[in-house]
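Below is one structure; the comments refer to it alone.
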Protein chains: 2
Amino acid sequence: MSPRRTIGVLSRESGVNLETIRYYERIGLLPHPLRSTNGYRYYDETMIKRLRFIRRGRELGFSIDEVKTLLQLADNRDQPCREADRLVQAHLVEVEAKIADLMALRDVLTQLTHCQSPTTEHCRLIETLEQRRCCITSD
Amino acid sequence: MSPRRTIGVLSRESGVNLETIRYYERIGLLPHPLRSTNGYRYYDETMIKRLRFIRRGRELGFSIDEVKTLLQLADNRDQPCREADRLVQAHLVEVEAKIADLMALRDVLTQLTHCQSPTTEHCRLIETLEQRRCCITSD
DNA sequence: CTTGACTCTGTAGCGGCTACAGGGTTCAGG
DNA sequence: CCTGAACCCTGTAGCCGCTACAGAGTCAAG
């Protein structure tokens, strides 16, 4: 008999932090597992898959709620793919907006680098913070 | 006599949320203002500048602690500009890393869009979450 | 005198974890 | 049989940077 899959084992197998697993259970992202008489959680191997699914979804930047939806979609395979596609599209729009924001920010910061002023009296950054109307236009 | 500058007025003048101003005072980013006998905070016009400075620093993505440092630099103009430059550089590195991350993410997401599968049985996103090793390489 | 707009303090919530404290359990080595 | 390490448990608090109350006091216009 292989040793039973406690939370620590599952954590190592799935690559998800042990405390995070308990957190996911608490917020309803993971089902309540079986408990031994000593109160320990024991998991079957389907939980590894489920946690990896969650981890990948999070790595792709989906929120917990979105991951929850995706899990439901994965569990009910007869539903149309449109919902998943919609999530991806919406997320893609957000990511692209964030990229644009950061690139504008990068341009401003680049202009502020390599200021060789011996004092901050004429420091570009400080002057920018004090005088400019607004560096980032959107919002 | 113009009406005294209460926190609400300062909020409107600086573009910083009223509750945020109180929060900044609490964490030591803003000095304690004068108080009237009724307990109301009253601000002089230098506070507008200070708050705008903070707001712009935040818009540029600097953390509260970094903004605190920048405020000190702005207050002590005889110090070399190097410290400010160092902050900008470090921040720029972070921003560029984040852009790179998001662009990789965008590429993955783009590949996942426009899945026309009538069910999620062969949905690209779901399959990706279930099967792929890892979409984002770094970490 | 009332009404409504302001102000105050203190605390709790957001997301997504992470890190304890203070206890119980299990197992291997001596 | 005992000890100690390595687990496990619950519950709560902290992180960041705000934001949103509740419940109270204050002020000025009509």
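Chain identifiers are assigned alphabetically (A, B, ...) following the order of the sequence lines, protein sequences preceding nucleic acid strands; residue numbering begins at 1 within each chain.
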Legend entry - Interatomic distance where CG belongs to A:Leu60 and C1' belongs to C:dG16 [whole Å]: 17 Å
Inset, instruction - Select one nucleotide: of D:dG25, C:dT18, D:dT10, the one nearest the side-chain heavy atoms of A:Asn17. - result: C:dT18
Legend entry - N or O in side chain of B:Thr6 less than 4.0 angstrom from C:dT7 OP1/OP2: yes
Inset, instruction - Identify, between B:Phe62 and B:Asn38, the residue whose nearest nucleotide on DNA chain D lies closer to the 5' end. - result: B:Phe62
Legend entry - Rounded distance (nearest 0.5 Å) linking atom CD of B:Glu25 with atom CD1 of B:Ile7: 7.0 Å
Legend entry - With B:Leu92, the side chain to side chain contact (heavy atoms under 4.5 Å, CB included) member among A:Val108, A:Thr110, A:Leu105: A:Thr110
Inset, instruction - Could you tell me whether the side chain of B:Phe62 reaches within less than 4.5 Å of the side chain of A:Leu109, counting heavy atoms only? - result: yes
Legend entry - B:Arg35 side chain, from C-beta outward: closest of C:dC8, D:dT26, D:dC7: C:dC8
Inset, instruction - Could you state the atom-to-atom distance from CZ of A:Arg41 to C1' of D:dC7 in whole Å? - result: 13 Å
Legend entry - Atom-pair distance (CZ on B:Arg4; P on C:dT7), nearest Å: 13 Å
Inset, instruction - Taking only Lys NZ, Arg NE, NH1 and NH2, and the carboxylate oxygens of Asp or Glu, determine whether A:Glu94 and A:Lys98 approach each other closer than 4.0 Å. - result: no
Inset, instruction - Can you figure out which of D:dC7, D:dG17, C:dT7 approaches the side chain of A:Arg12 most closely? - result: D:dC7
Inset, instruction - Could you tell me the separation between the CD1 atom of B:Ile7 and the C1' atom of C:dA5, rounded to a whole number of Å? - result: 15 Å
Inset, instruction - Take the C1' atoms of the five end pairs on each side of the helix from C:dC1-D:dG30 to C:dG30-D:dC1, get both axes, and report the angle to 10 degrees. - result: 30°
Inset, instruction - May I ask you to list the residues of residues 63-71 of chain B, by number, that have any heavy atom positioned under 4.0 Å from an atom of DNA chain C? - result: none
Inset, instruction - Answer with yes or no whether the side chains of A:Asp65 and A:Ser63 bring together a donor and an acceptor at under 3.5 Å. - result: no
Legend entry - A:Tyr40 OH to D:dC8 P, straight-line distance once rounded to whole Å: 7 Å
Inset, instruction - Would you indicate whether A:Leu18, at its atom CG, is surrounded by more than 12 heavy atoms from other residues, nucleotides or ligands within a distance under 6.0 Å? - result: yes
Inset, instruction - Using a cut-off of strictly less than 4.0 Å between a heavy atom of the residue and any atom of DNA chain D, enumerate the qualifying residues of residues 19-30 of chain B by number. - result: B:Glu19, B:Thr20, B:Tyr23, B:Tyr24
